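What you see is a predicted model; the values in this text were computed from it and never measured. Quick note: residue numbers are just sequence positions, from 1.
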Amino acid sequence: MERREPEQLNQADAPEEYQLDDILREFGAGAEEPKKSVSSDTMTFQPIRSAPVDPQLDVPTKTAKPKKSRSLREKLKKSESEPEEPKQAQREEAQLMPTRKETPAQMPAPEEPQAKPKKRAKAPPEQPQRREAKRSAETPPKVRIAMPEAAPRPQELLRRCKDGSGTQRLRLLFLGIVTLIQLLLMLCAEPERNFLPLSASGIGWCSLALVVLSLAAAYDVLLEGVRDLLRLRVSLNTLAIPVSLLTLLHAVQVLPQGGQTFCPVLSLLLFFLLRALAAQRRAMFYTLRTVCSFDTPMGIFELPQRPEHPASLRRDTADTEDFMRSLLRPDLTRNIMRVYALVMLPLTGVLAYLLSVRSTCGFVQAWLLLLLGAIPFAGALCFAKPFAVLAKRLASFGGALCGWHGAKAFNGKHTIILRDEDIFPRSHISSNGMKLFGAHTAPRVIAFALAALEAEESPLTELFESLLRSQNGRRCHAAKSRIYDNNGIGAEVMGEVVLVGTLAFMRSMGVHMPAGTRVRQAVYVSVGGELAGIFAIKYKPSPSTKKGLRDVLANRNFSVVLATRDFLITPELIASKYDVQTQTMVFPAFPERLRLSASDSHETDAQGALIAKDTFGAFASTVAAGRTLHSATLLSLTLCLLAGIGGLLVCALLIAWNSVETASPLHLAAFQLVWACLNGLFTFVLLRF
């Protein structure tokens, strides 16, 4: 048998400001003592789908004029703006003639007739230049307001990503095979390792032919480099153009003499750059496909840090246009690599000239060695590769990260604001039965409770609307309403004082509670100071929300704040339903929860992602993906910059020491591959764990 705790009937623990007489006087119901018509015997729970009752007999005879429900944002805007003038005053101002007889002292004085202006003599015609100058001086200049740039349509960008993606993957595969053959030929260039029926000169000419095929397969890398150069935005793709020219020129110079060429290293560079373009296209494809699949997406916003409140993350109505504008912005890797390439291009040229004068190495070979050492081959993959992996992972459950903008927004310590739909979506809230008291009928009690809940925009409004429809009841509206700090709502409905809240709220208000009224997770309704009904509520947990709560509570960079409007959702309920530790959750007072749950997004709020599912699991996973992308990008970028600067110094020292033969194509390729493998290993670990 279920253990029942002893009841404490009608405890007198109500605060002085919440006495029942004061509440009745506040809502205009008088200070009369309420009638004690409820007996100590309680009724058993009635099923929700009971036999419908004639609405003419059960509903109140008077109905209030319905008022339009407004969102909390509109209420806040209206309260901040100036109060509107009464309609009666506006009608009196609009009248042209007085409606009553006014005394001469009150009548306005008649306006004096204005004298007719004298005719002026015609001035001689002005010159066009003077006329234009005079007109420009008299007319104030028009202020042009900069309109935000229209965001491109995701469907159009998705179509562009699809076009040519298949051929690009085939070209990348072909270039990878060519690069492997090039590395094999480079190993066979030395006589002691040559197992092919080719001489050193034949291997060199074969390598030159293969590098021409590599340039043809990676033509879009060269085109991207030319575009960046024309836009004065030098990138790693731009550096591939002088490297290609210098490699071909050096090959033509050394092949007749049987020397080694840097064609395999160039093929390796083109392979990494083409792979970066393919990864970037793949990341955009998964992101745009997810965005196009949304009907009414939700956005994850970062509220900026204020003096009294830290930066916080929460879900709200998404803005797809703003998401697209932020998605197409250059990422951190691209911006830093542009500055790096812009510095390295003239720097390597000047160093090559100075070193070639003082050493036996020619200018072409010196500049080529410095460029191949300074360019980090995996630099273009620092952001594109992890973004592509995470975009594919997020697309599996309906999430789209806003590129580097979202990664930057979700990084650092944040306060995650949990609202009602984050913890228990409305589809997971159902009724578990009801109990009525006294002469009150089900449609009447449900209509009164719905009016109070609707006046304060409670999440339980939809549930009570369905209950009212099942009982064939009519809606009524509250004339006054008030939210109490101890989890309850008070309202005046059809001249009756209605209280809706928890058991503790009813006891604090001095409402008489008969025996057997202690129900777990129930909404209590009081009409006229007497208990009228109890409605048991069932909350169904979500597996996705459970996983998201565990991930967020386990991360020390997140602090969780409950901003629930449903007075039944408490940390104790969350702990029992989701089996998580809620000691670290912040549960502020009810007015503060209302303020945090209000949908008041501003222009300064950063939208970092879009999610389709109305669950907290998608929210937590998308935020975690943004943090992972930020960490992986910064680590990869740091390694690539170290590799580029270190390679430049090593090559410069070898040229200065006349040890150019040490900087062979084999050593350069091995140097770049080691750094690329190290970079890929750290990225894999971060993305995996």
Side-chain angles (χ1 to χ4, degrees), residues 149-154 156-172 174-175 211-249 266-285 287-288 324-349 367-368 371-372 374-385 387-388 391 402-405 633 637 640-641 644:
E149 185 180 356
R153 299 180 58 185
E156 181 66 20
L157 292 179
L158 180 61
R159 185 185 60 82
R160 295 179 185 176
C161 289
K162 289 181 180 179
D163 296 342
S165 60
T167 57
Q168 189 180 52
R169 288 195 297 267
L170 291 177
R171 288 188 287 108
L172 180 62
F174 174 76
L175 184 57
V211 83
V212 173
L213 294 178
S214 301
L215 291 172
Y219 70 90
D220 45 357
V221 173
L222 302 178
L223 290 179
E224 191 70 21
V226 172
R227 293 193 192 99
D228 294 339
L229 183 61
L230 295 178
R231 298 171 185 171
L232 300 179
R233 297 177 180 178
V234 181
S235 62
L236 295 182
N237 296 325
T238 307
L239 294 183
I241 299 176
V243 170
S244 302
L245 296 177
L246 292 173
T247 301
L248 295 177
L249 183 60
L266 176 58
S267 298
L268 185 63
L269 173 62
L270 294 176
F271 173 76
F272 276 99
L273 294 179
L274 184 60
R275 187 184 176 193
L277 291 181
Q280 183 178 358
R281 181 191 289 264
R282 188 166 62 255
M284 293 294 293
F285 169 75
T287 303
L288 294 174
M324 293 302 301
R325 283 192 293 266
S326 302
L327 178 63
L328 298 179
R329 293 175 186 172
D331 54 88
L332 178 67
T333 302
R334 190 180 304 180
N335 292 333
I336 292 182
M337 284 302 172
R338 282 174 178 174
V339 177
Y340 180 82
L342 183 61
V343 173
M344 285 300 169
L345 183 60
L347 179 61
T348 52
W367 196 8
L368 179 59
L371 282 176
L372 291 177
I375 296 177
F377 285 14
L381 289 169
C382 292
F383 175 78
K385 180 62 177 178
F387 184 33
C402 190
W404 176 252
H405 180 75
T633 301
L637 183 60
C640 289
L641 291 178

Asks: Could you grab the distance from atom CG of Leu266 to atom CG of Leu245, nearest 0.5 Å is fine?
Replies: 10.0 Å
Asks: Whether the Trp367 and Thr348 side chains hold a donor-acceptor pair (N or O, under 3.5 Å, no angle test) is what I'd like checked.
Replies: yes
Asks: Can you measure from CG (Leu372) to CG (Leu269) and round to the nearest 0.5 angstrom?
Replies: 7.5 Å
Asks: Could you check if a side-chain atom of Arg227 sits within less than 4.5 angstrom of a side-chain atom of Asn237, using non-hydrogen atoms only?
Replies: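 They are not in contact (no side-chain heavy atoms under 4.5 Å apart), so the answer is no.
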Asks: Tell me the closest heavy-atom pair linking Leu327 and Gly403, and the distance in Å.
Replies: CD1-N, 3.8 Å
Asks: Show your working on side-chain contact (heavy atoms from CB on, under 4.5 Å) between Arg233 and Leu342 and close with a plain yes or no.
Replies: CA-CA 8 Å; Arg233 297 177 180 178; Leu342 183 61; over 6 Å; no
Asks: Taking all non-hydrogen atoms of both residues, which atom of Leu381 and which atom of Ala276 are closest, and how far apart?
Replies: CD2-CA, 3.5 Å
Asks: Could you grab the distance from atom CD of Glu224 to atom CG of Leu236, nearest 0.5 Å is fine?
Replies: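 So the CD of Glu224 and the CG of Leu236 are separated by 11.5 Å.
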Asks: Not counting sequence neighbours, list each pair that qualifies as a salt bridge (Lys or Arg N to Asp or Glu O under 4.0 Å) and has a residue in residues 331-347.
Replies: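 Counting only pairs at least two positions apart or across chains, the salt bridge (Lys or Arg N to Asp or Glu O under 4.0 Å) contacts touching residues 331-347 are Asp331-Arg334.
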Asks: Once rounded to the nearest 0.5 Å, what's the spacing between atom CG of Leu157 and atom NZ of Lys162?
Replies: 12.5 Å
Asks: Below 4.5 Å, heavy atoms only, C-beta onward: do Val226 and Leu230 meet side chain to side chain?
Replies: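 A side-chain contact exists here, since the closest heavy-atom pair is under 4.5 Å.
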Asks: Would you sort out whether Arg153 and Leu158 count as a side-chain contact (heavy atoms from CB on, under 4.5 Å), showing the intermediate values?
Replies: CA-CA 9 Å; Arg153 299 180 58 185; Leu158 180 61; over 6 Å; no
Asks: Between atom CD1 of Ile336 and atom SG of Cys640, what is the distance when rounded to the nearest 0.5 Å?
Replies: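 The distance works out to 11.0 Å.
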Asks: Any side-chain heavy atom of Asp228 within less than 4.5 Å of one from Val234?
Replies: no
Asks: Which pair of heavy atoms, one from Val243 and one from Leu368, lies closest together, and at what distance?
Replies: O-CD1, 3.9 Å
Asks: Would you please classify the geometry between the Trp404 ring and the Phe383 ring as parallel, tilted or perpendicular, with 30° and 60° separating the classes?
Replies: perpendicular
Asks: Over all heavy atoms of both residues, which pair between Leu239 and Ile375 is shortest? Give the atoms and the distance, please.
Replies: CB-CD1, 3.7 Å
Asks: Does Thr287 use its side chain to pair, donor to acceptor, with the backbone of Met284 at less than 3.5 Å?
Replies: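 Pair absent, no side-chain N/O of Thr287 close to backbone of Met284.
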Asks: On a heavy-atom basis, which atom in Ala374 and which in Tyr340 lie closest, and how many Å separate them?
Replies: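 Between these two residues, the closest heavy atoms are O-OH, 2.5 Å.
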Asks: Before giving the answer on side-chain contact (heavy atoms from CB on, under 4.5 Å), spell out for Ser235 and Thr238 the whole-Å C-alpha distance, their side-chain angles and the decisive distance to 0.1 Å.
Replies: CA-CA 5 Å; Ser235 62; Thr238 307; 3.4 Å; yes
Asks: Minimum heavy-atom separation for Ser244 and Ala240, please, with both atom names.
Replies: OG-O, 2.7 Å
Asks: Could you walk me through whether Phe387 and Gln280 pass side-chain contact (heavy atoms from CB on, under 4.5 Å), step by step?
Replies: CA-CA 8 Å; Phe387 184 33; Gln280 183 178 358; over 6 Å; no
Asks: Supply the atom-to-atom distance His405 NE2 to Arg329 CZ, rounded to the nearest 0.5 angstrom.
Replies: 5.5 Å
Asks: Does any part of the side chain of Leu175, heavy atoms only, come nearer than 4.5 Å to the side chain of Arg275, both counted from C-beta?
Replies: no
Asks: For a 4.5 angstrom cut-off between non-hydrogen side-chain atoms, does Val211 reach Leu248?
Replies: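 Yes - at least one pair of side-chain heavy atoms lies under 4.5 Å apart.
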